[in-house]
Amino acid sequence: MVEITLPDDSKLEFEASVTGLDVARKISENLAKNALAVQIDGTLTDLTTPIATNARISIITNKNPEGLEILRHTAAHIMAQAVEALYPNAQATIGPAIENGFYYDFYGIVLSEEDLPKIEAKMAEIVAADYPIVRSVLPRDEAVAFFKQRGENYKVEIINDMPEDVKEVSLYTQGDYVELCRGPHLPSTGKLGKAFKLTKVAAAYWRGDSSKETLQRVYGTAFFTEKDMKAYFDMQAEAERRDHRRLGKEMDFFHFEEYAPGDVFWHPRGWTFFQTLIDYMRKRQKAVGYTEVNTPQIMDRKLWEISGHWDWYQKNMFTTKIEDKVFAIKPMNCPGSILIFKQGTTSYRDLPQYIGEFGRVHRYEASGAIHGLMRVRAFTQDDAHIFCTPEQFKDECQKVIKLMIDIYKDFGLTDMKIKLSTRPDERIGSDEIWDFLESGLADALESMGYEYELNPGDGAFYGPKLDFKFRDAIGREWQLGTLQADLNLPERFDVTYIGEDGQKHRPLMLHRALFGSLERFTGVFMEHCAGHLPFWLAPVQVMVLPVTNEQDDYVKQVVHKLQVAGVRAEMDLRNEKVNYKIREHSLKKIPVIAVVGKKEVADETLTLRFLGSDKQEVVSFAEAVKRFKLDSRYPGIEYED
């Protein structure tokens, strides 16, 4: 007798070994029709896998997240079958499902995007044939011999590189195509349906090693319905429209050069935006007690050995040798803040201390990983380090969380997810310290009523962290701020304070960045708002245009008075038609365009056009100055009228 426990804890009994498909049929024919795979005691496998002992199972359908991954993994195999059928010299190597799709790497062919429709057509034939997808198992040696006979040397290498305790491997067959794979897969090729598309080709290296063979990578995506696929490509088109690199060029904010890969060339308008972000954050932090410092960019290797970065983070660091000494460009600001805190003697009465720094850091990223402002090698953090007693830990965490969420609200970022990243395998410090820090972060969130997800093993090498992720206007998720708890670096640097008992005690250190990387935040926010910046943040808030050159003097007076009032105003006196200039400055996403003609000069008014609206508004110049001055104020900051 085999007892099957279902997700709702109900049970089914079978007299002998069963499969996931058998269980699905017993529940309902409709479930059996829609079943894709089965999860047995937490392990995902094919519907036809025998279940010979009591087990807890879940039938996977297109309603489960795992179902989409299985669909895409099978789509990769169908694509590989199509490519090998069309190009007999091609060898399929590795082809996984990935976020938003799948890819497969091939040896022996060179393709262009013009070839993709032909491959798609062949895939459609394979889907229409509805070949059963059958799993088989071979002893390891037999599998090696099988693929050697077929001349598939990449599969042979994969098997030979498996751990010695792996004695047998699984193969999947669909029609005349046989693939080495762990699975699971759809029951048949016909289950893929019509909602798939190949998207691009690219070069790749075997196993990502640039010293090895160059392969041809083909990317694609697949969905359960054509409606879902259309929605995805619509979102991709919108994402392209919002791409911060495109907006950065249109708005004249920044550009990149091969002379400084992974670093930014900020243009005047972009740098004004960047400095406005810093000024805003500086004011928000000052209001709650932060002081600001600045620490050296380049420091001796010995410092990084003490901190542990030399052992645990060196591969991400830029180093140089001067006068027979090795130095590193700082990848993080924390050791510098610790050295400032250590100056003099600190009493428990002086805690907590809030040490902020808009610190520029450098971290090595592989050339292929660099992506605009989102992933760079040099960036500025709105960093701060809080030194407190262990008893103040929870309260200080809650203060940081509240400040962070309030700041995000100022930018309209409210769709938030929090992840608690716990101890990695490679770390410093005792389990007792990690237990205390992890439970403290969790307690702070729970006491504030915030839900969170565990992210096991993704903490920093010196402590656990909270990662704050946000969903933007078109549904994409971005990592922004972080809060890290640390007792290990204070230990390594022998940081102490004098307690109420007159003895030395070890402070707890919180590392926090609210924007995170200002460069990354800039990219994320530009894409979130599609370049339509709030008035207070726009580098040029008002562009004043004369209808003809006769109004130039009045325009100059208007711009001067606006600038004196603290409004970032500019004028365009070029001998061009006013409608041409309106279109040009609208493309640069200027929030307000003020047009001045004969009537405006006579009445001392301005005709205002607002970005994203066809409406015009005529206001007195005095009223415009007052309004723009108020709209220039930073949110979240108290002002005296």
Trainee: Among E396, Q285, H385, whose side-chain hydrogen bond (donor to acceptor under 3.5 Å, both in side chains) with Y354 holds?
Mentor: E396
Trainee: So, for W266 and F253, is the gap between ring centers shorter than 6.0 Å?
Mentor: no
Trainee: A side-chain contact here means heavy atoms from C-beta on lying under 4.5 Å apart; do R242 and I474 qualify?
Mentor: yes
Trainee: Could you check F411, F274, F470 and say which one makes a ring-ring contact (aromatic ring centres under 6.0 Å, His included) with F521?
Mentor: F411
Trainee: Does the side chain of L508 reach to within under 4.5 Å of the side chain of F436, using non-hydrogen atoms?
Mentor: yes
Trainee: Determine whether the aromatic ring centres of residues Y497 and Y348 are separated by less than 6.0 angstrom.
Mentor: no
Trainee: Distance-only criterion, 3.5 Å: show the donor-acceptor pairs between side-chain atoms of residues 526-538 and protein atoms not counting sequence neighbours.
Mentor:
{"unit_1": "E527", "atom_1": "OE1", "unit_2": "R476", "atom_2": "NH1", "d": "2.9"}
{"unit_1": "E527", "atom_1": "OE1", "unit_2": "R476", "atom_2": "NH2", "d": "3.0"}
{"unit_1": "E527", "atom_1": "OE2", "unit_2": "H244", "atom_2": "N", "d": "2.9"}
{"unit_1": "E527", "atom_1": "OE2", "unit_2": "H244", "atom_2": "ND1", "d": "2.9"}
{"unit_1": "H528", "atom_1": "ND1", "unit_2": "A473", "atom_2": "N", "d": "3.0"}

Trainee: My understanding is that only residues two or more places apart in sequence, or in another chain, count here; which of them pass salt bridge (charged side-chain N to carboxylate O under 4.0 Å, His left out) with D263?
Mentor: R360
Trainee: Could you tell me whether K302 and E305 have a side-chain N and a carboxylate O separated by less than 4.0 Å?
Mentor: no
Trainee: For D228, what residues pass the side-chain contact (heavy atoms from CB on, under 4.5 Å) criterion, not counting sequence neighbours?
Mentor: F223, T225
Trainee: Could you work out, with salt bridge (charged side-chain N to carboxylate O under 4.0 Å, His left out) as the rule, every residue matching K342, not counting sequence neighbours?
Mentor: none
Trainee: I need the L21 CG to L36 CG distance, nearest 0.5 Å.
Mentor: 11.0 Å
Trainee: Once salt bridge (charged side-chain N to carboxylate O under 4.0 Å, His left out) is applied, do any residues pair with D631, and if so which ones, sequence neighbours excluded?
Mentor: none
Trainee: Using the test salt bridge (charged side-chain N to carboxylate O under 4.0 Å, His left out), find all partners of E69 that sit at least two apart in sequence or belong to another chain.
Mentor: none
